[in-house]
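Only one structure is covered here, and it is reproduced in the block below.
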Protein chains: 2
Amino acid sequence: MTSKATSIDIAYKAGVSQSTVSRALRNSPLVNLETRQRIQAIAKELNYKVDKNASNLRTQNSLTLALLICEDPTNDDSMINPFFLSMLGSITRATARQGYDLLVSFQQLSSDWHADYEDSNKADGIILLGYGDYMDYAHKLETLIEKNTHFVIWGAEHNNKAVLSIGCDNHQGGVIATEHLLSLGHRHIAFLGDASGHSPEFRDRYLGHVDALSAAGVQADKQLQYHAINTEASGYEAAIALLDSGAQFEAIFTASDLIAIGAIRALKKRGVLVPEQVAVVGYDDIPVASFANPALTTVKQDTQFAGEILVESVLKLIRGQEVSQRLIKTSLVVRSSCGAKVDE
Amino acid sequence: MTSKATSIDIAYKAGVSQSTVSRALRNSPLVNLETRQRIQAIAKELNYKVDKNASNLRTQNSLTLALLICEDPTNDDSMINPFFLSMLGSITRATARQGYDLLVSFQQLSSDWHADYEDSNKADGIILLGYGDYMDYAHKLETLIEKNTHFVIWGAEHNNKAVLSIGCDNHQGGVIATEHLLSLGHRHIAFLGDASGHSPEFRDRYLGHVDALSAAGVQADKQLQYHAINTEASGYEAAIALLDSGAQFEAIFTASDLIAIGAIRALKKRGVLVPEQVAVVGYDDIPVASFANPALTTVKQDTQFAGEILVESVLKLIRGQEVSQRLIKTSLVVRSSCGAKVDE
DNA sequence: CTGAAAGCGCTTACAG
DNA sequence: CTGAAAGCGCTTACAG
């Protein structure tokens with residue numbers, strides 16, 4: 001292996017000073033165009049790449065973003081929330097488009113992640129993707145704020161105004177899902193998901209659901225709300241409990257697709273036809289949703305767009321520009337699980 | 001924001017030289033234990049973190065790995081191969097366990113990715129996750145080899161011996177899937193997937209399939225092999241073509257779960273019962289597999305283990321240790337789509 | 001338009 | 001056991 005070329009090697013070959021090489025490679029107009037091109041040609045020929053560590057050290061930035069995915073301790077290690085996986089994809093792409101690199105890390109709630117990345121100059125800013133209950137790590141957020149870390153957090157609006165959050169409008173998502181079921185004539189609509197506030201996103205979906213019912217003159221029935229966390233198994237159990245309660249219902253709105261898929265499995269197990277006897281609407285539009293049987297009608301969170309906004313926002317923070325909370329609108333993807341007519 | 005503490009600040013506070021601080025923080029036994037602890041305490045108090053750029057520049061390594069996921073141009077942007085997503089999760093974890101950071105990037109075949117990461121000292125080594133046909137970028141691999149980049153590639157064994165590949169034993173996977181179907185009494189088994197060699201992994205699965213048939217005294221029927229790429233839609237089409245051919249078959253083995261899910265959709269559409277009339281076995285055990293209806297019997301690639309081996313291998317390469325090609329055994333996950341008896 | 005020089009914050013021989 | 005010093009490879013004021 002011939003050792004890597006440095007700017008000094010190029011300077012030598014081009015017969016100029018190392019400073020000029022550095023300027024030329026950054027395409028500085030200070031350098032004579034012809035010299036600039038000659039230097040760039042030599043750099044290319046020697047397969048030269050600027051040493052990131054050296055330039056970062058000098059400029060005190062890293063052109064890198066860190067993505068911390070905070071895992072739900074209630075989930076087992078092996079399975080990551082598919083919704084986050086979509087986000088990961090779009091964030092990766094958005095980051096690259098902005099000329100930044102992306103450091104990815106899964107974090108246990110327990111570990112000492114706060115601030116490490118920016119303090120060690122590994123990243124200029126941090127994007128946090130976390131499960132429901134941000135209260136659990138409020139303390140860690142405090143530390144981040146205290147240290148003036150540039151970070152943005154995905155999810156519900158935060159009560160600490162120093163925290164910039166970007167998220168989809170969960171209330172609105174709950175509204176459109178419920179309005180859709182109402183428009184299909186359903187009046188007894190069950191809700192499967194955590195409505196306790198432990199998971200602010202789920203709670204907002206539930207609140208949207210309740211508000212849409214009220215707006216239609218339907219009183220939400222507390223007996224039709226069953227607790228579920230974001231897993232298929234939990235959705236299954238919640239639906240079984242609902243079924244066992246003997247309550248009357250013609251539709252189910254779930255706080256997530258995973259819950260919906262579990263619920264559908266429970267309904268099938270009990271011989272209940274979906275959507276003929278019970279209509280189901282999920283939330284997230286994860287890839288599985290379209291493969292479910294029947295294909296799941298669901299509230300789509302635009303991960304593509306969300307990833308872009310998230311990246312754009314941290315970058316603004318880093319550059320000291322104005323940024324503000326932002327709620328992204330959701331949309332309904334109508335498939336067959338709700339009983340609406342669609343071409344397959 | 002109080003500006004970040006440096007080792008000099010700590011030295012000042014501890015009344016020692018900066019060199020001693022540096023040694024103490026790396027826990028060098030050269031430094032008196034008591035002094036060492038005092039320095040570490042001060043560092044903690046000041047929330048000091050070693051500047052990565054400075055230490056990397058000095059030591060000429062980055063303690064960072066890069067994961068390049070090469071996307072299949074035949075797939076649309078939005079959907080990443082779910083199998084890769086699992087791998088991403090396990091690689092991220094394995095990397096962290098080794099004390100390394102992980103840079104993640106999705107790469108278009110077209111772009112100029114080769115070597116950038118290691119040349120610019122952003123990463124010490126590279127893990128490549130790519131779709132089927134590595135021949136398409138053989139040239140880029142050449143460049144990597146030429147530059148003595150430390151990299152390992154996921155997938156089929158490579159004909160260039162300078163390339164280290166780690167992968168699951170696709171031939172064996174094809175064998176166990178087929179043996180299982182044979183054991184259930186099926187003799188006319190269709191194969192859905194690319195068998196052309198354009199995708200070496202799919203071809204090996206096919207070859208395993210053919211060999212298992214031969215071993216059982218069954219002649220593989222070329223009429224029962226239909227081309228499909230790794231998407232649900234392609235699986236659907238292949239199954240429709242198979243159905244339309246009028247050929248007789250009681251089972252289908254597909255080169256991937258996505259194909260299997262598409263095939264099941266096609267079978268249902270045509271009123272064919274799975275598994276009663278046609279048994280289906282997939283490949284990958286992606287998360288969707290267990291939610292499919294019926295739940296998919298499939299060949300599981302142990303992503304957890306694979307991620308660990310992949311990371312371990314690049315690290316060995318980086319350290320100049322001995323490493324060799326490695327084939328990881330697959331296992332069969334029996335669910336209901338094959339008609340075998342299982343408790344649900 | 002170009003060059004000499006300082007310095008980013010570390011690590012590590014070298015000397016004691 | 002500790003310190004003074006060099007140097008990793010850049011970028012960028014400063015001087016011309």
Side-chain angles (χ1 to χ4, degrees), chain A residues 2-40 42-43 46-64 101 116-124, chain B residues 2-40 42-43 46-64 101 116-124:
Chain A
T2 54
S3 75
K4 235 165 6 194
T6 69
S7 57
I8 296 203
D9 300 329
I10 297 179
Y12 178 79
K13 223 176 161 171
V16 295
S17 75
Q18 184 268 333
S19 339
T20 300
V21 169
S22 178
R23 289 192 193 97
L25 293 175
R26 328 196 82 241
N27 216 7
S28 158
L30 279 176
V31 179
N32 177 292
L33 181 61
E34 198 192 324
T35 329
R36 221 190 299 166
Q37 291 172 337
R38 188 160 48 89
I39 292 172
Q40 288 169 356
I42 294 175
L46 296 185
N47 231 308
Y48 170 81
K49 293 274 153 43
V50 173
D51 184 298
K52 269 290 169 186
N53 294 130
S55 71
N56 288 347
L57 175 58
R58 183 53 233 246
T59 59
Q60 294 293 46
N61 57 226
S62 65
L63 293 184
T64 299
D101 285 314
D116 202 343
Y117 285 96
E118 199 164 331
D119 274 1
S120 60
N121 258 331
K122 289 198 256 186
D124 298 335
Chain B
T2 54
S3 76
K4 236 167 1 195
T6 70
S7 55
I8 296 202
D9 300 329
I10 297 179
Y12 178 80
K13 222 173 163 174
V16 296
S17 75
Q18 183 269 332
S19 336
T20 300
V21 170
S22 178
R23 287 193 194 96
L25 293 175
R26 328 196 82 241
N27 215 7
S28 160
L30 279 176
V31 180
N32 177 292
L33 181 61
E34 197 193 323
T35 330
R36 221 191 297 166
Q37 290 172 338
R38 188 160 47 90
I39 292 173
Q40 287 170 356
I42 295 176
L46 295 185
N47 232 307
Y48 171 81
K49 292 276 153 42
V50 172
D51 185 298
K52 268 291 169 186
N53 294 131
S55 72
N56 289 347
L57 175 58
R58 183 52 234 246
T59 59
Q60 295 293 46
N61 57 227
S62 65
L63 293 185
T64 300
D101 284 315
D116 201 345
Y117 285 95
E118 199 164 329
D119 275 1
S120 59
N121 257 331
K122 289 197 256 186
D124 298 334

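Since we're looking at a predicted model, the values are computed, not measured. Below, chain A is the first sequence line, B the second, and so on; all start at residue 1. All values below come from the heavy atoms of this structure, side chains included, with hydrogens, waters and symmetry mates left out.
Rounded to an integer number of Å, the gap from Asn121(A) CG to dC8(D) C1' is 16 Å. In this structure, CG of Asp51(B) is placed 18 Å from P of dC8(D), rounded to the nearest angstrom. In this entry the distance linking CD1 of Ile39(B) with P of dG3(D) reads 8 Å, nearest Å. Rounded to whole Å, the distance from NZ on Lys122(A) to P on dG9(C) is 18 Å. dG9(D) atom C1' lies 7 Å from atom OH of Tyr48(A), rounded to whole Å. Between Leu25(B) atom CG and dC10(C) atom P there is a gap of 9 Å when expressed in whole angstrom units. Look at CD1 on Ile8(B): it is 11 Å from P on dA4(D), rounded to the nearest Å. Summarising the geometry, the separation between CD on Gln18(B) and P on dG3(D) is reported as 11 Å, rounded to the nearest angstrom.
Under the 3.5 Å distance criterion, the side-chain polar atoms of Arg36(A) are left unmatched by any main-chain donor or acceptor of Ala24(A). Looking at Arg38(A), its side chain does come within 3.5 Å of a backbone N or O of Ala14(A) through a donor-acceptor pair. A donor-acceptor pair is defined here as one N or O able to donate and one able to accept, closer than 3.5 Å; such a pair exists between the side chain of Asp124(B) and the backbone of Leu63(B). In this structure a side-chain-to-backbone donor-acceptor pair under 3.5 Å is missing from Arg23(B) to Leu30(B). Formation of a donor-acceptor pair under 3.5 Å by the Gln40(A) side chain with backbone atoms of Leu25(A) is not found in this model. Side-chain atoms of Thr59(B) come within 3.5 Å of backbone N or O of Ser55(B) as a donor-acceptor pair. Formation of a donor-acceptor pair under 3.5 Å by the Asn56(B) side chain with backbone atoms of Asn53(B) is not found in this model.
Spacing between dT12(C) and dG16(C) at atom C1', rounded to whole Å, works out to 16 Å. Comparing the P positions of dC1(D) and dA5(D) gives a spacing of 24 Å, expressed to the nearest Å.
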Give me, pair by pair, the N or O atoms of the protein and of nucleotides 13-16 of chain D that are less than 3.5 Å apart, along with how far apart they are.
from, atom 1, to, atom 2, distance (Å)
dA13(D), N6, Arg23(A), NH2, 2.6

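No more than 12 heavy atoms of other residues, nucleotides or ligands sit less than 6.0 Å from atom CD1 of Ile8(A).
Side-chain atoms of Thr20(A) and Ser17(A) include a donor-acceptor pair closer than 3.5 Å.
With dT12(C), dG3(D), dC10(D) as the choices, the nucleotide that has an atom nearest any side-chain atom of Thr20(B) turns out to be dG3(D).
Dashed line: the shortest gap from a side-chain N or O of Ser22(A) to OP1 or OP2 of dC10(D) is not under 4.0 Å.
Heavy-atom nearest nucleotides on DNA chain D were determined for Ser17(B) and for Arg26(A), and the one closer to the 5' end corresponds to Ser17(B).
Within residues 52-61 of chain B, the residues having any heavy atom under 4.0 Å from DNA chain D are, by residue number, Leu57(B), Arg58(B), Gln60(B).
Where DNA chain C pairs in unbroken runs of 3 or more (Watson-Crick or G-U, both distances under 3.5 Å), the stems are C:1-3 with D:14-16, C:5-12 with D:5-12, C:14-16 with D:1-3.
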For a side chain to side chain donor-acceptor pair (under 3.5 Å) check, start with the C-alpha distance between Ser62(A) and Asn121(A), then their side-chain angles and the critical distance, and finish with the verdict.
CA-CA 7 Å; Ser62(A) 65; Asn121(A) 258 331; over 6 Å; no
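Side-chain contact between Ile39(A) and Glu34(A) is absent, with no heavy atoms from C-beta onward closer than 4.5 Å.
Of all heavy-atom pairs between Thr6(A) and Tyr48(A), the closest is C-CE1, 3.6 Å.
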